[in-house]
Amino acid sequence: MTAASAPAPPAGPSPDGAGTFRDRLRGAFATALTGAAADGALPVAAADIPALVDQVRETADAKFGDYSATLAMGLAKKAGRKPRDVAIEVATRLPTAPGFEATFTPPGDPVGPGFINVRVRDDALAAAISAAFRDPRLGVPKVAAPATIVIDFSSPNVAKPMHVGHIRSTVIGDAVARILSFRGHRIITDNHLGDWGTQFGMIIWGWKHCRDDAAFAADPTAELGRLYRLVRRVADAKPEDLAADPQAAALAARHPAAGREVLEETAKLHAGDAENRALWERFMPACLADIERLYGRLGVSFDHWLGESFFQPFLADVVADLERRGLARESRGATGIFLDGDDKPPFLVRKADGAFLYATTDLATIRWRLEHWKPDRILYVVDHRQGQHFDQLFKTAGLWGVPGLDRVALVHVAFGTVLGDDGKPFKTRSGDTVGLESLLDEGVERAGAVIAADEGLAEEERRRVAETVGIGAIKYADLCQNRTTDYVFSYDKMLELKGNTAAYMQYAVARVEGVLEKGGIDREALRSAPPAIVPVDPRERALALAILRFGEVLEDVEADYRPNLLTTWLYDLAGRYSAFYDALPILKAAEPERGSRLALADLTGRVLRKGLDLLGIGTVRRM
RNA sequence: GCGUCCGUAGCUCAAUUGGAUAGAGCAUCGGUCUUCGGAACCGAGGGUUGCAGGUUCGAGUCCUGCCGGGCGUACCA
């Protein structure tokens, strides 16, 4: 079992015309290295070859060619030879690999300490663009070995309205699901709702002691959210909170044991108490309707909604099984697994009052998923602050001995916190957490103001465009950042029309639409009779090469579950298109350039749209 | 205290996981144009990558020690 990181995705390098350029080149390097090893020219074990060909990458600078290999430098030490000699040894064998010469120009002398630089042949580039142009997958190959991957994301606490804290898990998880699915994996998305924990004890206690029936009738989730916040203060009974909240202070004075009573309400719910169970069943539909409306607006959906309550029947057995195997034991009245010695905090699976914890649920969930879905990987798209929990969870699972655990990769896809411009967690001016709904509303409203300058849009269309641009901006701002770092939330930055933003990309798509519309081009006809591709200008070549990196980028995204690699590439692609479009006439050009450029423009538009779609971001024809 | 992540241009962030001269946007300054959508394109200035050592062909990235911060740390999730 791999707890910390994902297994390398199947590279599937093939030397013979299929796959991305990088795949083909890696295949050729594998052939060359295998040959060198067989001749005894280089000390290369077959098992080392995948890691070595991994060092074949896009060049940092176009002047070095299109792809570059750095493997000679590392190999030189093992071989006891000069890096340049090793590079020459490998490079001279490349042209003998099947299909190499049809796709690449033979590498020249190694550069610097031993870089092997390779350039794609222009005719191979043109052929690949033609193929991508006709391909519904836009030239992106499917993985050779599809995996079954469970993605656990969003997972809101249903007792309170969704807020800004849910956005990253939802947006990143959805994008990862879309990308891996397009890559050809079997994806199972599961919304592991928090629908059974102490938060329900709080709202049940609140319901019994301080509910507002009229408010509940008018807006159930708002009233439940109010109860949750209020009872939380009462139960925690922190002096500074109570000082700021007279109502909570009064309640706390009347109910000094509120904290214990909340836990008792939770325990009663878990024990099957009829009254609490009925309340839970009454609250749930309203909670679910609320969050489903938000998912609809975000364009996010799930295959399953197996929340904590679903796994409740299995929890006692999980603990019993852990005890039977000698993993879990009693301590201070609770039950836990001591993973790091007796003096370190254990991984608790049962509290002293007998109630179970989310650790218990997570273990039961793993077992259930293994039994029913037989996944190769389970991804948890969850806040980095829960890193320690997942360390302990994965460690415990590794010791557990449930069938299938030895061959599943459990991965915590962690992400940073959303901050306000003061560098602290994003809050409203009054210090409350920001509701997701109002966050989206403000984004859409501001987007509306930005696009208001366009005179040609009818009111109805303008609203639709504002929704697409506003929500796209919020999602993109999140996805374009390295997911492991915290990021500062700023409407002004995310709605910039230049730079690495959704609006810039959406605008690039709309410009492509504009050109084709202006030229009266029938895109279906264009695609059924594709024009010859003649990339004569360096800017055309750069654009074509970028388009064909789509599949490589998606592979890189999967390797570390990093959607920001996709946004970076999309921004680069849109920039190359702008440079191309600015410098070279399309409609006014003579054949064969006209047809070639029309095809490049159309293909760029489709690739940009597909790339944004894989991020869960929509596009518009006009904006 | 222990664990963990981070410190990169004035600001917000990248950097293909050890590769070639550390890149973008905003802001500042300058240029292009008889607009296929100028919401564009091209360019300039701006850096001792927190500090000090070390490892090697090569370090923002790995190791050690400091300085400064975020987060987590027994019965919430």
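The basis for the numbers below is simple: all heavy atoms, side chains too, and nothing from hydrogens, waters or symmetry mates. Chain naming here is simple, since letters A, B, ... match the order of the sequence lines and numbering starts at 1 in each. Everything numeric here is computed off the predicted structure, so don't read it as measured data.
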Task: Spacing of A/Q388 atom CD relative to B/rC5 atom P, expressed in whole Å - done: 12 Å

Task: C1'-based separation of B/rU16 from B/rG60 [nearest Å] - done: 14 Å

Task: Distance test, side-chain N/O of A/R511 to OP1/OP2 of B/rA40, below 4.0 Å - done: no

TODO: Nearest whole angstrom, please: distance from the P of B/rG72 to the NE2 of A/H384.
DONE: 8 Å

TODO: Counting heavy atoms from C-beta on, name the nucleotide in B/rC57, B/rG72, B/rA74 closest to the side chain of A/K77.
DONE: B/rC57

Open item on the list: What I want to find out is whether A/R232 reaches A/D236 closely enough, with some N-O distance under 4.0 Å, to be called a salt bridge.
Closed with: yes

Open item on the list: So does A/V382 get a backbone contact from the side chain of A/H412, meaning a donor-acceptor N/O pair under 3.5 Å?
Closed with: yes

Task: Separation of B/rG70 C1' from A/L419 CG (nearest whole Å) - done: 9 Å

Task: A/Y476 side chain to A/N500 side chain, donor-acceptor N/O pair below 3.5 angstrom - done: yes

Open item on the list: On RNA chain B, does the nearest nucleotide to A/Y507 precede the nearest nucleotide to A/D556 from the 5' side, or the other way round? Give the residue.
Closed with: A/D556

- [ ] Report yes if the ring of A/Y581 lies under 5.5 Å from the six-membered base ring of B/rA40 with planes under 30°, and no otherwise.
- [x] no

- [ ] Quick one: label A/R562 by what it contacts on the DNA or RNA (base, sugar-phosphate, nothing), any heavy atom closer than 4.0 Å.
- [x] base

Open item on the list: Rounding to an integer number of Å, can you tell me how far A/N157 CG sits from B/rC76 P?
Closed with: 14 Å

Open item on the list: If you take the centroid of each ring, where Trp contributes its six-membered ring, are A/H192 and A/F311 closer together than 6.0 Å?
Closed with: yes

- [ ] Establish, with yes or no, whether the OP1 or OP2 oxygen of B/rA15 is under 4.0 angstrom from a side-chain nitrogen or oxygen of A/N482.
- [x] yes

Open item on the list: Just to be sure I understand the rule, does A/A510 reach a base, reach only the sugar-phosphate, or reach nothing, if contact means heavy atoms closer than 4.0 Å?
Closed with: base

Open item on the list: Considering every strand and a 4.0 Å limit on heavy-atom distances, what is the contact class for A/S68: base, sugar-phosphate, or nothing?
Closed with: base

Open item on the list: Does A/R22 qualify as a cation-pi partner of A/Y67, given the criterion of NZ or CZ under 6.0 Å from the six-membered ring centre and within 45 degrees of its axis?
Closed with: no

Open item on the list: Is a donor from one side chain sitting under 3.5 angstrom from an acceptor on the other, for A/E265 and A/W205?
Closed with: no

Task: Among B/rA14, B/rG37, B/rA20, the nucleotide that comes nearest once only the side chain of A/T59 is considered - done: B/rA20

Task: Between A/N482 and A/T484: side-chain donor-acceptor atoms closer than 3.5 Å - done: yes

Open item on the list: From C-beta outward on A/L497, which listed nucleotide comes closest to its side chain: B/rA39, B/rG37, B/rC26?
Closed with: B/rA39

Open item on the list: Can you give me the closest heavy-atom contact between A/Q199 and A/A159, atom names plus distance?
Closed with: CG-CB, 3.5 Å

Open item on the list: Rounded to whole Å, please give me the gap between CG in A/D383 and P in B/rC6.
Closed with: 15 Å

Open item on the list: Rounding to an integer number of angstrom, what distance separates B/rA59 and B/rG50 when you compare their P atoms?
Closed with: 15 Å

Open item on the list: Could you tell me how far B/rG25 sits from B/rA14 if I compare only their P atoms? Round to whole Å.
Closed with: 16 Å

- [ ] Go through B/rC41, B/rC57, B/rA77 for me and flag the one nearest to the A/A579 side chain.
- [x] B/rC41

Task: P-based separation of B/rG31 from B/rC36 [nearest Å] - done: 23 Å

Open item on the list: I want to verify a distance call: between B/rG38, B/rC76, B/rA77, whose nearest atom is closest to the A/L263 side chain?
Closed with: B/rC76

TODO: Could you tell me whether A/P346 contacts a base, only the sugar-phosphate backbone, or nothing, with contacts defined as non-hydrogen atoms closer than 4.0 Å?
DONE: base

TODO: For B/rA14, take OP1 and OP2 only and decide whether either is under 4.0 Å from a side-chain N or O of A/T485.
DONE: yes

Open item on the list: For the C1' atoms, the ones on B/rA20 and on B/rG65, what distance do you get once it is rounded to whole angstrom?
Closed with: 31 Å

- [ ] Consider the side chain of A/M73, meaning its heavy atoms from C-beta on, and name the nucleotide among B/rG19, B/rA74, B/rA20 that approaches it most closely.
- [x] B/rG19

- [ ] Could you measure between the two P atoms, the one in B/rG68 and the one in B/rA22, and give it in whole Å?
- [x] 31 Å

- [ ] For A/E513, report the nucleic acid contact type (base, sugar-phosphate, nothing); a contact means any heavy atom under 4.0 Å.
- [x] nothing

Open item on the list: Of the options B/rG19, B/rA74, B/rU12, whose atoms approach the side-chain atoms of A/V488 most closely?
Closed with: B/rU12

Task: Inter-nucleotide C1' distance (B/rG43, B/rU49), Å rounded - done: 25 Å

TODO: Describe the nucleic acid contact of A/R621 in one word from base, sugar-phosphate, nothing, applying a heavy-atom distance below 4.0 Å.
DONE: base

Task: 5'-most by nearest nucleotide on RNA chain B - A/G197 or A/G514 - done: A/G514

Open item on the list: It should be established whether A/S578 places a side-chain nitrogen or oxygen under 4.0 Å from OP1 or OP2 of nucleotide B/rC41.
Closed with: yes

- [ ] Look only at the side chain of A/S596 and the backbone of A/P592, and say whether a donor-acceptor pair between them is shorter than 3.5 Å.
- [x] no

TODO: Check whether any side-chain nitrogen or oxygen of A/R549 sits under 4.0 Å from OP1 or OP2 of B/rU16, and answer yes or no.
DONE: no

Task: Ring-base stacking, A/F115 with B/rA20 (5.5 Å, 30° cut-offs) - done: yes

Open item on the list: Check this for me: does the side-chain of A/T70 come within 3.5 Å of the base of B/rA20 through a donor and an acceptor?
Closed with: no

- [ ] Kindly point out which of B/rA77, B/rG25, B/rC36 is positioned nearest to the side chain of A/K498?
- [x] B/rG25

- [ ] Could you tell me the separation between the CG atom of A/D61 and the P atom of B/rA24, rounded to a whole number of Å?
- [x] 11 Å

TODO: Please state whether the phosphate of B/rC6, meaning OP1 or OP2, lies under 4.0 angstrom from any side-chain nitrogen or oxygen of A/Y487.
DONE: no

Task: Rounded interatomic separation in angstrom, taking CD1 from A/I337 and P from B/rA74 - done: 16 Å

Open item on the list: Can you tell me which nucleotide in B/rG70, B/rG25, B/rC57 comes closest to the side chain of A/Y571?
Closed with: B/rG25

TODO: May I ask you to say what A/I586 touches in the nucleic acid, namely base, sugar-phosphate or nothing, with a heavy-atom cut-off under 4.0 Å?
DONE: base

Open item on the list: For a quick check of understanding: with a heavy-atom distance under 4.0 Å over all strands, which category does A/Y504 fall into, base, sugar-phosphate or nothing?
Closed with: sugar-phosphate

Open item on the list: Between B/rC62 and B/rG19, how many Å separate the two C1' atoms, rounded to a whole number?
Closed with: 14 Å

Task: A/T198 (side chain) and B/rA77 (base): donor-acceptor pair under 3.5 Å - done: no

TODO: Using a 4.0 Å heavy-atom cut-off across all strands, classify A/N564 as base, sugar-phosphate, or nothing.
DONE: sugar-phosphate

- [ ] State whether A/K493 places a side-chain N or O below 4.0 Å from either non-bridging phosphate oxygen (OP1 or OP2) of B/rG25.
- [x] no

Task: Donor-acceptor pair present, A/D572 side chain and B/rA24 base, under 3.5 Å - done: no

